[in-house]
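This report concerns only the one structure given below.
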Amino acid sequence: MNKLSKKFYIYALLLAVFITLSAFLGYNYFSNAIENQVKSRALFETESKIKLVESTFKVQEQIVEDIASFIKIEPSREDIKKYLEVLMKEREQFTAVYIGMADGELLAGEDWNQPSDYIVTERPWYVEAAKGKKLVYTEVYHDAYLDKSTITIARPFYDKAGELKGVIAADIDLSTISQILNPYGSDDEGVSFLVDSNGVVIGYDANNVNKSEDKITIFEIFPEFKPNSEKFIENMKYEENQGFLSYYYIESLDMFLVNFVPVTGTLKTGQQLMLIFMIFASVLLIVIFVFIIFQRRNIIRPVEELVDDILNIPMRLDVDYRINEDDDLLYEVRKTINELLTNKNELLKKMEVAQDEITTIAITTESMLAINRAANTNREINEIYDLILTESLKAIKHAKLGSVMIKEDNELKVVAHRGYRSTEINEFSLPIEESFIYRATNGKLDTVALINDVSNFEIFVPLETTEGEYYIKSSIVAPLYVKNVFYGCINLDAIYENAFDEKDLKLMEFIQTNTEIAISNYIMNHANFYLATHDSLTGVYNRSYFTQLFESFKERAARYNETFHLVMFDLNNLKYINDNFGHLAGDEAIKTFAKRLSVIIRRSDVFARYAGDEFIAIFLNTDYDSLTIRLNELLENMEQSSIVVDSGTIIVSFSYGIATFGEDSTSLDELIRIADKRMYEMKNKNRKIKG
């Protein structure tokens with residue numbers, strides 16, 4: 001799958017994700033809107049049903065008030081009974097309407113035989129109304145005779161003198177109130193409960209429970225119901241329906257109106273909105289899908305086919321390839337590509353040649369920079385020769401072996417080589433007149449020589465190579481000049497004829513120039529370094545450079561737990577030599593001492609001229625006694641061997657003192673002081689012996 005296809009499908013995926021996310025957010029929005037609608041409905045229905053209950057009881061209260069007004073006209077007791085009987089027929093909510101007289105008589109709207117133990121003035125409704133002197137409601141109780149939940153409205157009435165004449169009472173069937181609250185009889189539309197102060201559900205047939213001995217509480221229906229304020233709404237579940245529960249406390253009745261509104265009932269409108277939204281989202285997805293198919297067939301596929309055709313174009317130089325010029329959206333593009341492919345061979349050839357030249361130049365330049373960097377260091381000259389040969393072989397790719405030869409007297413000596421048997425070439429040298437460069441330039445030694453077949457020369461030394469039984473067959477040689485004086489040459493060889501061409505010749509000339517500069521720089525830098533670090537008279541290190549080297553010895557001894565001895569030397573009788581034989585003889589004595597002491601100085605030791613006829617040395621990892629024996633042997637040999645000067649012969653002798661690093665001190669100044677002291681002790685001791 002190419003990048004265009006990937007981007008196309010990524011954009012299509014992002015669009016699909018965007019639509020899906022929009023649908024999800026829309027669904028959540030509508031769900032929240034429906035939930036808020038259900039909450040609003042629950043609160044609204046609760047408030048409406050509260051008003052309905054209150055208005056229903058207001059009607060009942062008004063009827064009781066009407067009875068009281070009727071009694072004020074002082075009707076006969078028979079008229080009162082007839083009036084109450086009419087009320088009973090007209091008002092289904094009333095299960096009984098009656099008047100308890102102060103004399104104990106009970107007047108009712110239906111025939112009722114008053115039991116002998118039924119004392120009207122002691123009934124709760126009578127007592128509460130008479131005591132409160134106002135219209136009151138009794139607690140909810142179960143009418144065993146009618147098997148109904150009942151509440152009684154009671155109102156006292158008085159004569160003109162203000163004396164209590166009796167109490168008007170009406171029993172209300174609360175199940176009729178529940179029927180008013182739940183007119184549809186379907187849980188899908190919600191359900192309302194009247195609940196007394198003890199939480200008992202009044203007048204509602206919940207799971208066929210409507211008997212006094214099987215009372216059901218609101219907490220059994222809604223375990224999470226916890227009235228704690230006048231208004232309450234919470235998400236709850238009732239008979240597998242999810243919805244919202246709200247309630248209101250009716251203070252005058254000491255009851256709660258509990259109202260449950262299911263979500264399912266309100267979902268009808270919401271579902272319609274959701275259906276419209278989902279239809280819209282589906283249509284949008286179908287449109288996008290059709291658009292993707294159209295794009296895929298008419299744009300993406302032709303582009304992919306063009307990309308595949310382009311990727312299948314062979315990059316070989318010898319293939320005349322053309323892509324199909326299909327008559328599609330990209331016909332002009334295909335035609336243009338074929339026009340570009342027409343000249344691809346020539347273009348690729350030029351690019352290949354240019355790239356090869358650039359690579360070769362880059363490699364050669366980097367090689368010459370490496371040689372020049374090395375020439376500006378303190379590395380040994382043989383390392384520089386070896387690097388010159390290595391980098392030259394890297395630059396001239398046709399060369400597999402070679403050598404660097406330096407002029408010594410009238411001969412060329414091999415100082416670095418590659419690809420030859422080391423046993424034969426390590427000590428190899430030959431007269432300049434017999435060299436390849438001399439013969440190829442007719443003795444001028446002035447240009448780079450390209451030798452296609454070395455066997456044409458009369459004199460040829462067949463040195464064995466590491467390429468098996470083969471000998472070199474062709475060579476390219478560059479003479480080296482330093483300060484316009486022939487210095488040596490670089491030989492790059494191959495084991496087959498005609499290995500090198502004009503490009504190699506130009507590269508070799510470039511190598512020649514840079515190598516001459518590098519060697520000149522090295523010689524100049526090395527000369528400057530030698531002058532800065534060596535004593536001009538004796539050729540040994542000077543005091544300044546010795547101080548630098550001491551720090552290296554000190555760090556090494558601390559790191560590897562090594563020890564070394566610092567020795568101070570002083571020539572004996574140098575003043576006598578200068579006074580009697582001259583200062584040139586004194587200089588000769590100093591040089592002789594330095595030369596003979598250098599013989600016992602190992603590669604790991606350091607020897608320097610400290611000042612005048614004083615010298616200083618460091619002997620690393622040497623036993624003290626062994627060192628003393630070596631120095632004493634040297635002293636004895638020097639005292640027995642005189643040297644000849646212009647004015648005669650002199651004996652060179654010396655005294656020395658040894659200080660041990662770590663044992664005596666780790667400070668250079670302190671070690672010098674101790675060694676110098678011991679050296680003078682030896683000098684004074686020798687004077688006494690000879691005196």
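The figures here come from the full heavy-atom set of this structure, side chains too, leaving out hydrogens, waters and symmetry mates.
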For Ile216 and Val200: C-alpha separation, side-chain torsions, deciding distance, then whether side chain to side chain contact (heavy atoms under 4.5 Å, CB included) applies. CA-CA 6 Å; Ile216 186 169; Val200 177; over 6 Å; no
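- Taking every heavy atom of both residues into account, Ile371 and Leu387 meet most closely at CA-CD2, 3.9 Å.
- In terms of heavy atoms, Leu257 sits closest to Ser192 at CD1-CB, 4.3 Å.
- Judged as a side chain to side chain donor-acceptor pair (under 3.5 Å), and not counting sequence neighbours, the contacts of Glu391 are Ser367, Lys394.
- Annotation for Ala169 and Thr152: closest pair CB-CG2, 4.0 Å, computed over non-hydrogen atoms.
- With a 4.5 Å cut-off on side-chain heavy atoms, Phe256 and Ile218 do not count as touching.
- Ala129 meets the side chain to side chain contact (heavy atoms under 4.5 Å, CB included) test with Val136, Ala154, Pro156, Val167; sequence neighbours excluded.
- Summarising the geometry of Ile153 relative to Glu61, their closest heavy-atom pair is CD1-N, 4.2 Å, with the distance given to 0.1 Å.
- Heavy-atom contacts from other residues, nucleotides or ligands closer than 6.0 Å to CG of Asp103 number more than 12.
- Side-chain contact, Tyr137 with Gln60: no donor N or O sits under 3.5 Å from an acceptor N or O.
- Annotation: side chain of Val201 is not in contact with side chain of Leu194 (no heavy-atom distance under 4.5 Å).
- Counting only heavy atoms from C-beta outward, the side chains of Phe70 and Asp66 never approach each other to under 4.5 Å.
- The distance from the OH atom of Tyr126 to the CD1 atom of Ile99 is 11.5 Å, given to the nearest 0.5 Å.
- Summarising the geometry, atom CG belonging to Leu245 is positioned 7.5 Å from atom CZ belonging to Phe260; distances are rounded to the nearest 0.5 Å.
- Listed by chain and number, the residues in a ring-ring contact (aromatic ring centres under 6.0 Å, His included) with Tyr98 are Trp125 (sequence neighbours excluded).
- No donor-acceptor contact under 3.5 angstrom links the side chains of Thr150 and Asp171, judged on distance only.
- With hydrogens and angles left out, the side-chain atoms of Ser76 and Asp79 include a donor and acceptor closer than 3.5 Å.
- For the atom pair NZ (Lys51) and OG1 (Thr56), the distance works out to 14.0 Å, reported to the nearest 0.5 Å.
- Judged as a side chain to side chain contact (heavy atoms under 4.5 Å, CB included), and not counting sequence neighbours, the contacts of Ser55 are Leu52.
- Listed by first and then second residue, the salt bridge (charged side-chain N to carboxylate O under 4.0 Å, His left out) pairs involving residues 151-165 are Glu65-Arg155 (not counting sequence neighbours).
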Could you go through Glu128 and Thr138, starting from their C-alpha distance and side-chain angles, then the distance that decides it, and tell me whether this counts as side chain to side chain contact (heavy atoms under 4.5 Å, CB included)? CA-CA 8 Å; Glu128 288 181 26; Thr138 65; 4.3 Å; yes
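- In terms of heavy atoms, Ile67 sits closest to Val97 at CD1-CG1, 3.7 Å.
- Taking every heavy atom of both residues into account, Leu106 and Val120 meet most closely at CB-CG2, 3.8 Å.
- Side chains of Arg123 and Tyr118 form a contact here, defined as non-hydrogen atoms less than 4.5 Å apart.
- For the side chain to side chain donor-acceptor pair (under 3.5 Å) test, no residue two or more places apart in sequence or in another chain qualifies with Lys72.
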